[in-house]
Undergrad: 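This structure is in structure tokens; I'll ask about it shortly.
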Amino acid sequence: MSGAESPLAAGRTITVAPLTRIEGHGRITLQLDASGRLAQARFHVDEFRGFESFCLGRPYGEMGALTARICGICPVSHLLAAGRAGDRLLGAAPPPAAQRLRTLLNLAQICQSHALSFFHLSSPDWLLGWESDPARRNLFGLIAADPELARAGIGLRRFGQELIERLAGRRIHAGWVVPGGVRSGITATTRRWILQQLPEARASVQLALDRFVPLLDGPLQRELASFGSFPSLFLALVAPDGRWCCGDGSLRLVDSLGRVVADGLCEDDDIAVLAERTEHWSALKFPYYRPLGYHEGLYRVGPLARLNVCTAIGTPWADCELAAFRDRHGTAASGGRTAIASFAYHHARLVEIVACLEGMEQLLVHPALLRGPVRAVGRGGSRTALGVSEAPRGTLFHHYSVDVNGLLTRVNLLIATGQNNLAMNRTVDQIAREWIPWPLPAAVEIAEPLLNRLEAGIRCFDPCLSCSTHAAGLMPLRVTLLDSGGQVLAERTRP
Amino acid sequence: MSAPPGLVIGIGNSLRQDDGLGLLVASQASGAVVRLVHQLTPELAAELVSVDRVLFVDAWGVSPWTTPHPCLLPLEADGTSAMTHQLQPAQVLALCAALYQHRPRAALLLLPAHALGHGTGLSAAAAAELPRARVLLRRWLRGDA
């Protein structure tokens, strides 16, 4: 907008919209005060779908198929959470083989989803440069700059997708996980195929680590320090011995010093320690840890949280990468134990892909995977149940109540992206304060590299807005600059 | 002499009426490798490496400017997209060419869609065009197109 006509001396708001290279549709606004300095930055999500309402009255056994439709990227997570809630409502603990098969499915999904986030959505920023032509800052630009890395990303994603299809019958929206287990076992052919693919997948993630980690010491140092680097709580599932867990586990909450704040949460089929607040300016809810209140109770979920919460991963290469991750990102205050920089989510994704590949191998060589039943008989369960799964983006909760006929009377979905909502807002605020020269000059212009950094702050969390609002729609984001009276002074939208 | 077996990719959503046309018609491509997808994603480029011919089958909203009948069109690679998890057929071809230096012969079978609401049934107008769509599909499978 023209600087001459801008009421720049007064407060105003910058909007970044639509946000690109994320799953869903959002925008960022930067609200200025009367002196032209940043008053607050907000990340808005404007869509709404209402799965929690229209699922009411349906049989709980349908929830896997219904809620998987929330998202085409992480339907497996909803399938697993719905299946686990269904286990409890049915009173049918899945047999050991079914538990392992569910975990295998989840590892495949995390692998392919992290590959999409790291290689396709985020790596163009640092490989091509924040200031590079936005028309080239995409997968085709990545191919031109580093075809080997692009091929590796596509190969990893294809591997995860094909594994899901071979195991569950479809790449997306498979109805394979059911209350009490899974619909079918794994064939020897599929088991052999997965084992044959693992060496190439390992080489792909090694290549990504080799390309990415050195950048953290050089061109990405400032981003690492300013993209959402702040103390918070971290929430994730852990195995009974405290190790990294993407199967059945219990919830643990730690603080930024690495201290366990709460452990064994949700064992009573309730998530009372987590509260949600709504804000009039976003369709995405704001969960927080209730005992500490709305703002102090800010917590993060997802790859960064899982690495901060676990004591170890439990496989050799992944534990080496975890140690290197903590050496690099762990704060001095935590004794090198806890990473607080949201930019480290990208590095954490690579460590988790390593963990997934090694975890698959462990599961596949276990003799119990091919033996025994894969579904349990229901023995009568409860009328209320909580299903938890670790989705690629973080912990996912499905909380159901049913009537005597098994029809749903209450559905509450607490989505990973929503749980990072407070953190994403704080990240946008931190980036705006670090990267915009305040007070703004008279001729305000939202420069593209700034727009991209604001977006990239959100991309650290790899949000899935379709999931988190249970919302349908296009993806993109918008940035708006507003004065203190709410008048739009400048706006930038990408097509 | 029969044409070499190719890959047929059906695109669409079977829960949105005529948007499921691509899936329905592609699933009838006997003799070919068939992939049914909701949308085109980058990893499909890797699947084109092993084929010499590929046919994309997709529904297309009827408008005053488009033909109301199915049509079979040759397709060229076009790598100008900024999207990374929702691609057009020409962009999948471009990815395949850029990443794997492979350029399969490609065609696009467009099927007119008249109703895209919630539901699994086809509109009467779309169903009426199915025989013509099958003729075009068989023509491609024989290698005549």
Side-chain angles (χ1 to χ4, degrees), chain A residues 20-24 54 65-66 69 71-73 75 112-113 115-124 133-162 165 170-173 200 459 464 466 472 474-476 494-495, chain B residues 7 9-17 19-20 22-24 26-27 33-51 54 76-103 116-120:
Chain A
T20 59
R21 285 182 279 144
I22 61 171
E23 308 294 343
F54 70 66
L66 284 173
R69 261 71 184 185
C71 182
I73 301 295
Q112 64 87 15
S113 179
L116 175 69
S117 171
F118 181 88
F119 291 91
H120 298 176
L121 304 183
S122 290
S123 70
D133 178 3
R136 287 189 60 254
R137 208 167 47 219
N138 54 45
L139 185 54
F140 287 100
L142 176 63
I143 291 169
D146 194 337
E148 189 182 13
L149 191 70
R151 270 194 297 272
I154 282 181
L156 263 178
R157 182 158 154 79
R158 186 187 178 202
F159 165 62
Q161 291 275 55
E162 190 163 347
E165 184 176 28
R170 300 175 65 174
R171 292 182 186 218
I172 62 171
H173 302 157
E200 183 182 335
R459 280 198 291 270
C464 184
S466 297
L474 302 172
M475 346 215 329
R494 254 203 271 277
Chain B
L7 173 64
I9 301 176
I11 309 158
N13 185 343
S14 60
L15 300 178
R16 298 301 292 261
Q17 293 183 278
D19 193 38
L23 307 178
L24 176 67
S27 67
V33 177
V34 176
R35 287 276 284 114
L36 305 178
V37 299
H38 283 78
Q39 62 186 35
L40 299 174
T41 49
E43 60 272 14
L44 273 172
E47 299 193 23
L48 301 190
V49 173
S50 57
V51 299
V54 59
E76 296 292 331
D78 177 4
T80 55
S81 169
M83 296 292 284
T84 45
H85 47 275
Q86 184 177 331
L87 301 169
Q88 297 301 315
Q91 291 149 358
V92 176
L93 295 173
L95 275 179
C96 184
L99 283 169
Y100 307 107
Q101 292 74 52
H102 182 64
R103 296 174 182 275
L116 298 167
H118 294 284
T120 53

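Note that this is a predicted model, so its numbers are computed, not measured. Quick note on labels: first sequence line is chain A, next is B, and so on, each numbered from 1.
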Undergrad: Assess whether atom CZ of Arg136(A) is packed by more than 12 heavy atoms of other residues, nucleotides or ligands within 6.0 Å.
TA: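 Result for CZ/Arg136(A): open.
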Undergrad: Grab the two heavy atoms, one from Ala98(B) and one from Ile143(A), that are nearest each other, plus how far apart they are.
TA: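 Smallest interatomic distance, heavy atoms only, reads CB-CG2, 3.6 Å.
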Undergrad: Which heavy-atom pair separates Ala150(A) from Leu99(B) by the least distance, and what is that distance?
TA: CB-CD2, 3.7 Å
Undergrad: Heavy atoms only: give me the nearest Tyr100(B)-Arg151(A) pair and the separation to one decimal.
TA: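 Nearest heavy atoms, Tyr100(B) then Arg151(A): CE2-CD, 3.5 Å.
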Undergrad: Walk me through it: do Glu47(B) and Arg158(A) pass the test side chain to side chain contact (heavy atoms under 4.5 Å, CB included)?
TA: CA-CA 9 Å; Glu47(B) 299 193 23; Arg158(A) 186 187 178 202; 3.6 Å; yes
Undergrad: Should we count CD of Gln101(B) as having more than 12 external heavy atoms under 6.0 Å?
TA: yes
Undergrad: For Leu15(B), is it the side chain, the backbone, both, or neither that has a heavy atom closer than 4.5 Å to a heavy atom of chain A?
TA: side chain
Undergrad: Should we say atom CZ of Arg103(B) is surrounded by more than 12 heavy atoms from elsewhere, each under 6.0 Å from it?
TA: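 For Arg103(B), atom CZ is not crowded (no more than 12 foreign heavy atoms under 6.0 Å).
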Undergrad: Taking all atoms of both residues into account, what is the closest heavy-atom pair of Ile154(A) and Pro42(B), and its distance?
TA: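 Residues Ile154(A) and Pro42(B), closest heavy atoms: CD1-O, 3.9 Å.
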Undergrad: Could you measure the distance from the OG1 atom of Thr41(B) to the CZ atom of Arg171(A)? Nearest 0.5 Å is fine.
TA: 7.5 Å
Undergrad: Got a sec, which residues hit side-chain contact (heavy atoms from CB on, under 4.5 Å) with Ala152(A), two or more places apart in sequence or on another chain?
TA: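 By the side-chain contact (heavy atoms from CB on, under 4.5 Å) rule, Ala152(A) matches Phe119(A), Ser204(A), Leu207(A).
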Undergrad: Phe118(A): which residues meet the ring-ring contact (aromatic ring centres under 6.0 Å, His included) condition with it, sequence neighbours left out?
TA: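 Result, ring-ring contact (aromatic ring centres under 6.0 Å, His included) vs Phe118(A): Trp126(A), Phe212(A).
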